[in-house]
Structures are given as structure tokens and as C-alpha cells.
Number of protein chains: 2
Amino acid sequence: MKNKQSYLQNYVSVDCVVLGYDEVENRLQVLLIKQKDPDKQNVDSYKSQYALPGDLINENESLDEAASRVLNELTHIKGIYLQQFYTFGHPDRVSAPKDADWLRVHRKDPNARVITIAYLALVRIDHITPLAGSFAENTIWRSIKKIPKLAFDHNQILGKALEIIKEHPEQHIMGRELLPPKFTLSQLQNLYEAMSGLQLDKRNFRKSIKTADYLIPLDEKQKGVLHKPAQYFSFKKSKK
Amino acid sequence: MKNKQSYLQNYVSVDCVVLGYDEVENRLQVLLIKQKDPDKQNVDSYKSQYALPGDLINENESLDEAASRVLNELTHIKGIYLQQFYTFGHPDRVSAPKDADWLRVHRKDPNARVITIAYLALVRIDHITPLAGSFAENTIWRSIKKIPKLAFDHNQILGKALEIIKEHPEQHIMGRELLPPKFTLSQLQNLYEAMSGLQLDKRNFRKSIKTADYLIPLDEKQKGVLHKPAQYFSFKKSKK
DNA sequence: ATACTTATTGTATTTTGTACAATTACTATT
DNA sequence: AATAGTAATTGTACAAAATACAATAAGTAT
């Protein structure tokens with residue numbers, strides 16, 4: 001280590017991969033923001049890009065707090081579990097030509113490197129109203145099967161997040177409010193299938209989750225359905 | 001996002017948890033550096049601390065490259081697999097009184113926040129000669145069972161690294177050169193046991209690794225041992 | 001009464017994990 | 001040559017978990 005070396009400016013940001021479970025369509029969507037036309041010119045003159053919600057960290061907040069704040073500013077949701085999953089810091093990760101305009105307007109030093117700590121959140125899509133037209137940007141949900149080209153290295157960040165939930169769906173279901181407080185086993189199975197990308201056998205799925213022992217069977221059934229009504233279940237409170 | 005907001009200086013560093021496998025003692029040790037007396041006074045006047053090897057990132061290197069460089073500068077080893085495992089960025093992580101002296105000497109802005117990306121490396125301890133008395137610091141191996149109080153939040157960083165290898169020993173053995181090119185199954189089992197902290201049954205261990213299919217049995221036996229000589233094995237080349 | 005829809009359930013089979021001890025091949029000693 | 005000492009090697013019985021697979025049940029609508 002050199003003594004009191006001079007040191008170039010680094011920006012530090014957090015980016016949030018917010019995955020919303022769409023129970024109706026049984027698919028995961030990702031929350032994206034549309035970068036605004038930085039020069040306030042008409043939209044056609046500027047190639048507006050989609051991006052993951054993210055922002056520079058503030059002075060006195062932890063990384064986790066920064067991620068919570070950014071998520072809250074963009075979705076108005078609070079108390080959601082956010083998991084740090086990787087840090088992206090390649091010197092060139094924000095220096096593609098496509099990103100130059102945005103940086104020029106939004107950064108004091110547009111050429112400075114930005115290191116970003118990426119976070120993953122999972123939510124029920126019908127619990128969130130993306131703040132379209134809010135102070136910052138338009139937000140939209142996009143199916144993870146049809147991801148557009150994103151700003152910076154955000155496609156890479158999203159890809160890593162999707163790998164993680166695909167590998168361990170079970171770790172990202174409990175305590176994440178991805179289902180209503182009361183749900184059927186079919187709803188739970190659909191969620192597993194959407195997260196893993198696999199199709200599961202009904203009988204074996206039910207056997208395995210009953211072994212896992214995190215469900216509470218309720219004395220309540222579906223009503224008004226055109227078939228045998230399913231029993232409702234809820235999650236046991238996690239100990240953490 | 002605010003427009004061209006002013007932004008406080010953040011330092012960004014990498015810290016390396018280098019775990020060395022000591023086959024003779026069958027234990028893992030961690031590579032620590034001893035911070036030098038910053039004021040060049042006699043050692044007694046300064047509470048010298050142990051720390052994980054780490055350094056600020058340079059301008060044009062990726063995070064992975066920074067970790068490799070730091071590791072190389074401290075151990076002269078190259079080509080070792082380094083895995084990013086977590087980023088630590090609490091605003092107060094370097095502001096304990098114990099760390100003030102060192103920061104005052106080594107940082108232009110001793111009060112600035114430091115975000116550090118932590119990396120994990122595993123090596124054979126007899127392959128590494130820590131560079132005692134080199135330009136920067138003394139380096140020592142310490143058993144992971146007897147970790148002293150470290151600088152900054154390095155105990156926390158080390159703790160997280162140890163959790164990771166404890167949970168998935170198998171992922172950190174292949175391709176890491178933790179054993180000689182030819183090794184016996186007992187050597188391999190000892191390594192597993194050191195990493196997991198568990199004791200394993202010989203027959204069951206052999207059954208499971210033969211299922212795993214990453215070993216090549218060699219036509220060679222131990223020589224000159226006071227017991228039935230063991231067969232040597234080597235790892236299949238990993239495909240990555 | 002019938003058709004329709006989804007929920008619910010069990011069994012046989014395979015695979016994997018676990019507990020447990022006798023025999024083998026070498027060296028050193030007598 | 002026989003014996004003792006040491007670690008390597010191997011198998012079996014049992015339990016638990018994963019997998020493949022289809023008939024019956026409980027509602028609604030006609």
C-alpha cells in the first residue's frame with residue numbers, strides 16, 4: 001500500500017433487480033425504468049433506454065439501506081427483503097456509447113467509473129403500482145422472457161439474478177409475500193414452476209412440501225369455483 | 001436521481017480471504033498481514049493490528065484483476081482462482097478508534113468511507129511463501145480456529161468466507177490445487193473434513209465421491225509406507 | 001342427471017444417505 | 001519365518017428421499 005496515494009473518484013451505486021410474480025399469467029416480470037430524455041427534447045431525438053432501478057449511495061446509509069431507499073423511491077414498497085448478490089465494477093461498464101448521453105446529464109463526472117452493488121427483490125406484482133410518470137422515470141414490468149436491451153451492463157446483472165433464483169427457488173419463496181396470505185397448493189406449485197422454469201408433478205410436489213414443514217393448513221376452502229374447491233394454506237412465520 | 005448532484009468521495013477496495021490448507025496438520029489457515037507501525041516509532045508505542053490483505057482498486061483494473069493483483073503482491077502467487085463473495089460497505093466499517101492511526105497515515109482522507117469487495121481464495125499452504133518483511137507488511141498464517149482481533153471489519157469478512165466454504169466444501173476443492181497432483185482418497189477426505197468441520201465415514205465418503213465422477217484412478221501406489229499402500233488419484237480437468 | 005373442471009390422494013420403484021467392521025498389504029521387529 | 005503394527009480397502013442392511021404414474025372427489029353449469 002502506498003502512502004496517502006492520490007485516488008481517482010469512484011462512484012458507488014446500488015441496482016435493484018425487482019422481480020414481480022404475476023400469478024394470473026404465471027410468470028416473473030422485472031421492474032424496469034425508462035430513462036428520461038435527458039435534454040428534454042422530443043423523445044425521437046434521443047434513444048431512451050430501459051434500465052434497472054438504481055442510484056448512487058448516500059453518505060450515511062449502508063448498502064442495504066441504499067437498496068431499500070432506491071426500491072422505495074421507485075415502487076413505494078417498504079419492508080421487502082433485499083438480498084445483495086454481486087458487485088459489478090468493470091472499468092468500462094458504463095462507458096458504452098449508448099450510455100454517454102445519460103451520464104453527461106446526470107453525472108458531474110460522466111467519465112468516472114461506477115461500481116454497483118446489485119440487489120435482488122421478489123414481490124407480488126399486484127402489490128406494486130409502478131410510479132408511472134413520477135418525479136424520476138417511468139417504470140414498467142417486462143416479462144423475463146422478453147428483456148429488451150438495457151442501459152449499462154444491466155442485462156448482465158439481470159442475467160445473474162435470474163440464475164440465482166432458478167437454482168434455488170425455495171430460498172426465495174418463504175417470507176417474500178409472493179402469494180396472498182391464503183393460497184392453495186396449486187398456486188404455490190405454479191410459483192415454483194415459474195421460478196425454476198421446470199414443470200413438476202402434482203403428487204410429488206405436495207409430498208415434498210409437506211416434508212418441508214413450512215405450511216399451515218387452514219380450515220377454509222375456495223368458494224364459487226367451477227371445480228372441487230382447494231384448501232387454503234398459509235406460511236409459517238419464519239424465525240428470522 | 002438528482003441532476004449532477006455533488007457526491008462525496010468513496011474509496012473502493014478489495015480484501016482477500018486467502019485460506020491455506022495445511023495438509024500436515026489437516027487444518028485451514030488464513031493469510032494475515034501485520035500492519036506496520038505507521039509513524040515508524042518503536043513497535044510498543046503503536047498497537048499493530050492484523051488484517052486481511054487488501055488494497056484500494058486501481059483506475060483501470062476490474063475488481064477481479066484488483067483482487068489478483070493484491071494477492072500477487074502479498075504472496076507472489078498467480079493464476080489462483082479468486083471468487084467474489086460479498087461487498088461490505090457500512091458507513092462505519094473503518095471508523096473504529098482502533099483503526100484511526102493506520103487510516104491517518106495511509107489515506108488522504110482518513111474519514112472517508114471505504115467500500116470493499118471481498119474475495120475468497122484457497123491454496124496449498126506449502127505452495128506459498130508469505131513475503132515476510134517485504135515492502136509492505138509482514139504476512140503470517142493463522143489457524144482459522146485461533147483468529148486474533150483484526151483491523152476494520154475483517155473478522156466479519158473472514159467469518160462470512162468461512163461460512164461459505166463450510167456449506168459447500170465440494171465447490172471449493174476441484175481445480176484449486178489444494179492437494180498434490182497425485183493424492184490418496186484419505187488425503188481428499190481429510191481436506192473435506194477440514195473444510196466442513198465434520199467427520200466423515202470412510203466407506204460412505206468413498207462411495208459418494210465415486211458417484212461424483214471427477215476422479216481419475218492412477219496405476220500408482222504409495223511406496224515405503226508402514227501399512228497397505230494407498231492408490232493415487234488425480235482430478236479430472238474441469239471443463240470451465 | 002350429466003358434463004366439466006381442478007383438487008386430492010397412494011403405491012411401486014429407484015436412488016441416495018447412513019450406520020457399521022472385517023480383511024488386506026505393506027513395514028518393522030523378533 | 002512368524003508376529004505385530006498401521007492404514008487402505010471393501011459390502012451390506014436399512015432408512016430416507018426422489019421419481020413415475022392415474023383414479024376418485026367435490027364443486028358448478030346445463
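Naming convention: chains lettered A, B, ... in sequence-line order (proteins, then strands); numbering from 1 in each chain. Both backbone and side-chain heavy atoms feed into the values below; hydrogens, waters and symmetry mates do not. Just so you know, these numbers come straight off a predicted model, no measurement behind them.
Within the structure, salt bridge (Lys or Arg N to Asp or Glu O under 4.0 Å) pairs that include any residue of residues 215-229 of chain A comprise A/K182-A/E220 (at least two apart or interchain). Residue pairs satisfying the salt bridge (Lys or Arg N to Asp or Glu O under 4.0 Å) criterion with at least one member in residues 15-29 of chain A, sequence neighbours excluded, are listed as follows: A/D15-A/R93, A/D22-A/R27.
Counting non-hydrogen atoms under 4.0 angstrom, B/S186 reaches the backbone sugars and phosphates but no base.
Under the ring-ring contact (aromatic ring centres under 6.0 Å, His included) criterion, B/Y232 pairs with no residue, sequence neighbours left out. Remark: A/K236 pairs with A/D213 by the salt bridge (charged side-chain N to carboxylate O under 4.0 Å, His left out) rule, at least two apart or across chains. Evaluation of the ring-ring contact (aromatic ring centres under 6.0 Å, His included) rule for B/Y81 yields no partner, not counting sequence neighbours. When the ring-ring contact (aromatic ring centres under 6.0 Å, His included) test is applied to B/Y50, no partner is found at least two apart in sequence or on another chain. Partners of A/E163 by salt bridge (charged side-chain N to carboxylate O under 4.0 Å, His left out), not counting sequence neighbours: none found.
Looking at A/I33, A/N155, A/V30 one by one, the single match for side-chain contact (heavy atoms from CB on, under 4.5 Å) with A/L52 turns out to be A/V30.
Here the two rings, on B/F152 and B/F88, have centers that are 6.0 Å apart or farther.
A heavy-atom distance below 4.5 Å is found between the side chains of A/D153 and A/I157. Contact annotation: the side chain of B/Y21 approaches that of B/L179 to within less than 4.5 Å [non-hydrogen atoms, C-beta and beyond].
In this structure, B/Q189 atom CD and D/dT9 atom C1' are separated by 12 Å, rounded to whole Å. Here the P atom of nucleotide C/dA19 and the CG atom of B/L198 are 12 Å apart, to the nearest Å. Distance A/L188 CG to C/dT8 C1': 15 Å, rounded to the nearest Å. Atoms CG (A/L185) and C1' (C/dA7) sit 9 Å apart, rounded to a whole Å. In this structure, CD of A/Q222 is placed 14 Å from C1' of D/dA25, rounded to the nearest angstrom.
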Can you tabulate the close N/O pairs, meaning under 3.5 Å, that link protein atoms to atoms of nucleotides 26-30 of chain D?
| unit_1 | atom_1 | unit_2 | atom_2 | d |
| --- | --- | --- | --- | --- |
| D/dA26 | N3 | A/K228 | N | 2.9 |
| D/dG27 | OP1 | A/K221 | NZ | 2.7 |
| D/dG27 | N2 | A/L226 | O | 2.7 |

Restricting to nitrogen or oxygen on both sides, can you table the protein-nucleotides 1-3 of chain D pairs closer than 3.5 Å?
none

Tabulate atom names and distances for all N/O pairs under 3.5 angstrom spanning the protein and nucleotides 14-17 of chain D.
none

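The stretch residues 200-210 of chain B touches DNA chain D through B/K202, B/R203, B/R206, B/K207, B/K210, each having a heavy atom within less than 4.0 Å of the strand.
In this structure, CD in A/Q35 is found 12.0 Å from CG in A/N138, a value given to the nearest 0.5 Å.
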Compile the donor-acceptor pairs under 3.5 Å between side chains in residues 194-205 of chain A and protein atoms, sequence neighbours left out, one pair per line.
| unit_1 | atom_1 | unit_2 | atom_2 | d |
| --- | --- | --- | --- | --- |
| A/S196 | OG | A/Y192 | O | 3.0 |
| A/S196 | OG | A/L198 | N | 3.1 |
| A/D201 | OD2 | A/R203 | N | 3.1 |
| A/D201 | OD2 | A/N204 | N | 2.9 |
| A/D201 | OD2 | A/N204 | ND2 | 3.4 |

